[in-house]
Amino acid sequence: MPIKILMVCLGNICRSPLAEGILASKLPKKKFTVDSAGTGSWHIGHQPDERSIAIAKNNKIDISQQKGHQFTASDFDAFDYIYVMDNSNYWDVIQLADNQAQTEKVQLILNELFPDENVDVPDPYFGMPNGFDSVYKMLDEACDVIAKKLIEKHSI
Ligand code: 4NP
């Protein structure tokens with residue numbers, strides 16, 4: 001059984017599709033699967049935002065085939081690790097948890113870089129185009145740490 005990781009943001013078109021593509025590019029495919037979801041329902045079935053597709057493509061990652069879906073309570077059991085992009089995603093997700101074990105699966109992704117600081121990945125959706133560059137860099141650094149930890153933990 002592969003280890004399953006879920007990346008979560010609000011819309012599932014800007015940040016979490018990037019996080020999915022970046023982390024998947026750093027992990028061996030046989031052992032790990034990476035997916036993403038939004039807490040909101042607006043973009044179910046949609047392709048990622050064109051600005052996320054473009055910044056990923058500049059970094060040789062293709063996220064254009066991803067399709068948006070909404071986070072549901074069944075994802076707590078479907079995934080082993082759940083990374084959220086910001087504090088608002090965190091509260092939206094843990095509201096759906098039934099027990100402590102499910103709550104503990106949920107981590108703020110930038111706590112991998114800045115432990116316990118609870119820093120948000122800013123939502124670039126309404127911002128300037130260069131917001132996507134800085135989001136990409138943050139996610140790339142966080143995913144380096146996550147990939148290293150997961151590979152060590154699952155001893156590959
Ligand atoms: P994301 O950004 O959470 O990084 O995908 C957003 C995209 C769309 C919306 C909100 C946030 N929206 O309201 O449609």
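Counting starts at 1 for both ligands and their atoms, following the listed order. FYI, the numbering just counts along the sequence from 1. Keep in mind that this is a model prediction, so the values were computed, not measured.
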Short side-chain to backbone donor-acceptor contact, D62 and S64, under 3.5 Å
yes
For the backbone of N118 and the side chain of N87, can you confirm whether one donor and one acceptor N or O come within less than 3.5 Å of each other?
yes
Straight-line distance of L6 CG to K105 NZ, nearest 0.5 Å
10.5 Å
Is there a polar contact between ligand 1 and C14, counting only N or O atoms under 3.5 Å apart?
yes
Is there any N or O on P124 that sits under 3.5 Å from an N or O of ligand 1?
no
For N12, which part has a heavy atom under 4.0 Å from ligand 1: side chain, backbone, both, or neither?
backbone
Side chains of N89 and D92: do they bring a donor and an acceptor to under 3.5 Å?
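No.
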Under 3.5 Å side-chain donor-acceptor pair for D116 and N111:
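No.
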Determine whether F71 and F76 satisfy the following criterion, ring-ring contact (aromatic ring centres under 6.0 Å, His included), listing intermediate values before the conclusion.
CA-CA 9 Å; F71 183 87; F76 285 114; 5.2 Å; yes
Among all protein non-hydrogen atoms, which one is nearest to [atom], and what is the separation to 0.1 Å?
atom: atom 1 (P) of ligand 1; value: C9 SG, 3.5 Å
atom: atom 3 (O) of ligand 1; value: G11 N, 2.8 Å
atom: atom 10 (C) of ligand 1; value: L10 CD2, 3.7 Å
atom: atom 2 (O) of ligand 1; value: D123 OD1, 3.0 Å

Looking only at non-hydrogen atoms, which of H46, R15, H43 approaches atom 4 (O) of ligand 1 most closely?
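When every heavy atom of H46, R15, H43 is considered, R15 comes closest to atom 4 (O) of ligand 1.
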